[in-house]
Amino acid sequence: MIMNENVTVFSHPLIKHKISQLRDETCKTKEFRALVEEISMLMGYEVLRDLEMEEIEIKTPLETTMAPIIKGKKLALVPILRAGLGMTGGILSLVPSAKVGHVGMYRDEETLEPKEYYCKLPEGIDQRMILIVDPMLATGGSADAAVQFVKQKGGKQIKFVSIIAAPEGVKRLSKAHPDIQIYCGEIDRELNENGYILPGLGDAGDRIFGTK
Ligand SMILES: O=P(O)(O)OC[C@H]1O[C@H](OP(=O)(O)OP(=O)(O)O)[C@H](O)[C@@H]1O
Ligand SMILES: O=c1cc[nH]c(=O)[nH]1
Ligand SMILES: [Mg+2]
């Protein structure tokens, strides 16, 4: 993992390998969906390295001992609809008891501005570690808006996890929210005139859900 203050780009060969498979235009919906889940699980493992622990007393069949467990309220996983939904299964396979919130948002095709249409978060969001997930961090507009919503609803400990990011999006998000950790599978070269990441993988939502 390449650490750069609050931006981490993963370097695990499995993540890199699977992202390359994801990019391939011949990768069909079923395979694409499975890869997004696998990548999300691998990224979740790395992202959750700093979960806080505490010791409690456990009685084994032989004796009583102190043992470490994860401290505090359950994790809150917040996918940005639609494409973020593709990442939830992989992370929930690691943390099955996590709570799940949702931020509904789409990018206006003309202005590229994010439009919010839904937001529901678990109770006690101020006491939870929050993973906001979306496969693509392009202009950063959607991510910036989503982090803002979560903060407005009391969220404090926020991490943003994406599979592919554009330099523009990383810059915008880290500038707008210097207090959050940003994780990416790859940082690509640039955005095209329609706000798509190059070389990228196309439209993540459409490829996950098979919609054109
Ligand atoms: O960084 P930005 O410039 O905001 O672009 C990134 C957003 O664009 C895509 O969503 P889209 O609006 O295509 O909706 P979808 O997820 O439903 O496909 C992608 O899933 C991100 O949410
Ligand atoms: O490349 C991109 C940019 C935004 N949204 C996507 O789904 N793909
Ligand atoms: Mg989206």
Side-chain angles (χ1 to χ4, degrees), residues 6-7 9 18-37 39-40 43 77-91 100-121 130-151 155 158-178 180-212:
N6 59 0
V7 180
V9 182
K18 290 174 186 290
I19 291 178
S20 301
Q21 290 180 297
L22 211 47
R23 291 179 189 277
D24 190 326
E25 63 174 359
T26 63
C27 183
K28 295 278 170 277
T29 303
K30 181 167 173 278
E31 172 68 1
F32 192 94
R33 205 176 277 158
L35 283 167
V36 169
E37 299 286 16
I39 293 165
S40 305
M43 291 171 82
L77 179 58
V78 182
I80 298 177
L81 272 61
R82 295 177 303 165
L85 288 174
M87 297 177 69
T88 48
I91 296 173
V100 182
H102 295 88
V103 174
M105 203 171 293
Y106 69 91
R107 201 171 66 156
D108 181 292
E109 287 308 310
E110 300 304 312
T111 65
L112 297 187
E113 281 305 306
K115 301 265 184 269
E116 186 232 345
Y117 55 87
Y118 183 78
C119 181
K120 186 162 180 58
L121 300 177
I130 303 156
L131 295 195
I132 301 178
V133 299
D134 193 333
M136 311 303 274
L137 174 57
T139 65
S142 304
D144 180 4
V147 172
Q148 269 179 46
F149 290 136
V150 170
K151 283 182 172 177
I158 300 170
K159 295 175 181 249
F160 182 82
V161 189
S162 66
I163 297 179
I164 294 187
E168 298 88 331
V170 175
K171 198 153 148 268
R172 172 167 174 177
L173 187 60
S174 50
K175 206 154 169 282
H177 302 283
I180 72 166
Q181 282 292 322
I182 300 167
Y183 298 83
C184 319
E186 292 280 6
I187 299 183
D188 274 12
R189 191 182 68 249
E190 63 184 329
L191 290 175
N192 71 6
E193 63 287 353
N194 304 320
Y196 275 80
I197 302 173
L198 299 179
L201 52 70
D203 187 294
D206 287 337
R207 294 194 67 185
I208 293 170
F209 298 109
T211 51
K212 268 283 154 274

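These numbers come from the heavy atoms of this one structure, side chains and all, not from hydrogens, waters or symmetry mates. Counting starts at 1 for both ligands and their atoms, following the listed order.
Note on ligand 2: Gly195 sits in its first shell, one or more heavy atoms being nearer than 4.0 Å. At least one heavy atom of Gly140 sits less than 4.0 Å from an atom of ligand 1. At a 4.0 Å cut-off, not a single heavy atom of Leu112 sits close enough to ligand 1 to count as contact. Within the structure, the closest approach of Arg107 to ligand 2 falls below 4.0 Å when heavy atoms are considered.
Using a 4.0 Å cut-off to heavy atoms of Gly205, the atoms of ligand 1 that qualify are 18 (O). Set against the non-hydrogen atoms of Ala83, the atoms of ligand 1 under 4.0 Å away are 16 (O), 20 (O). In summary, the atoms of ligand 2 found under 4.0 Å from a heavy atom of Ala138, numbered by their order in the structure, are 3 (C), 4 (C). Close contacts of ligand 1 with Asp203, meaning ligand atoms under 4.0 Å from a residue heavy atom, involve 13 (O), 18 (O). Ligand 1 places these atoms under 4.0 Å from at least one heavy atom of Tyr106: 12 (O).
Between Ala138 and ligand 1, at least one pair of N/O atoms sits closer than 3.5 Å. At a 3.5 angstrom cut-off on N or O pairs, Met136 does not count as close to ligand 2. Considering backbone and side-chain N/O of Asp206, none are found under 3.5 Å from N/O of ligand 1.
Ranked by closest heavy atom to atom 20 (O) of ligand 1, the top entry among Asp134, Ile164, Ile208 is Asp134.
In Ala204, the parts holding a heavy atom less than 4.0 Å from any atom of ligand 2 are both the side chain and the backbone. Residue contacts with ligand 1, taken as heavy atom pairs separated by less than 4.0 Å, do not involve Ala204 at all.
Using a 3.5 Å distance cut-off with no hydrogens or angles, the side chains of Arg82 and Thr211 do pair a donor with an acceptor.
Counting non-hydrogen atoms of neighbouring residues, nucleotides and ligands closer than 6.0 angstrom, the NZ atom of Lys171 reaches no more than 12 such neighbours.
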*Evaluate side-chain contact (heavy atoms from CB on, under 4.5 Å) for Leu85 paired with His102, printing each intermediate quantity in order.*
CA-CA 9 Å; Leu85 288 174; His102 295 88; 3.8 Å; yes

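Shown here for Asp134 and Ala83, the closest heavy-atom pair between the two residues is OD1-CB, 4.1 Å.
With hydrogens and angles ignored, the 3.5 Å screen pairs a side-chain donor or acceptor of Arg33 with a backbone N or O of Ile208.
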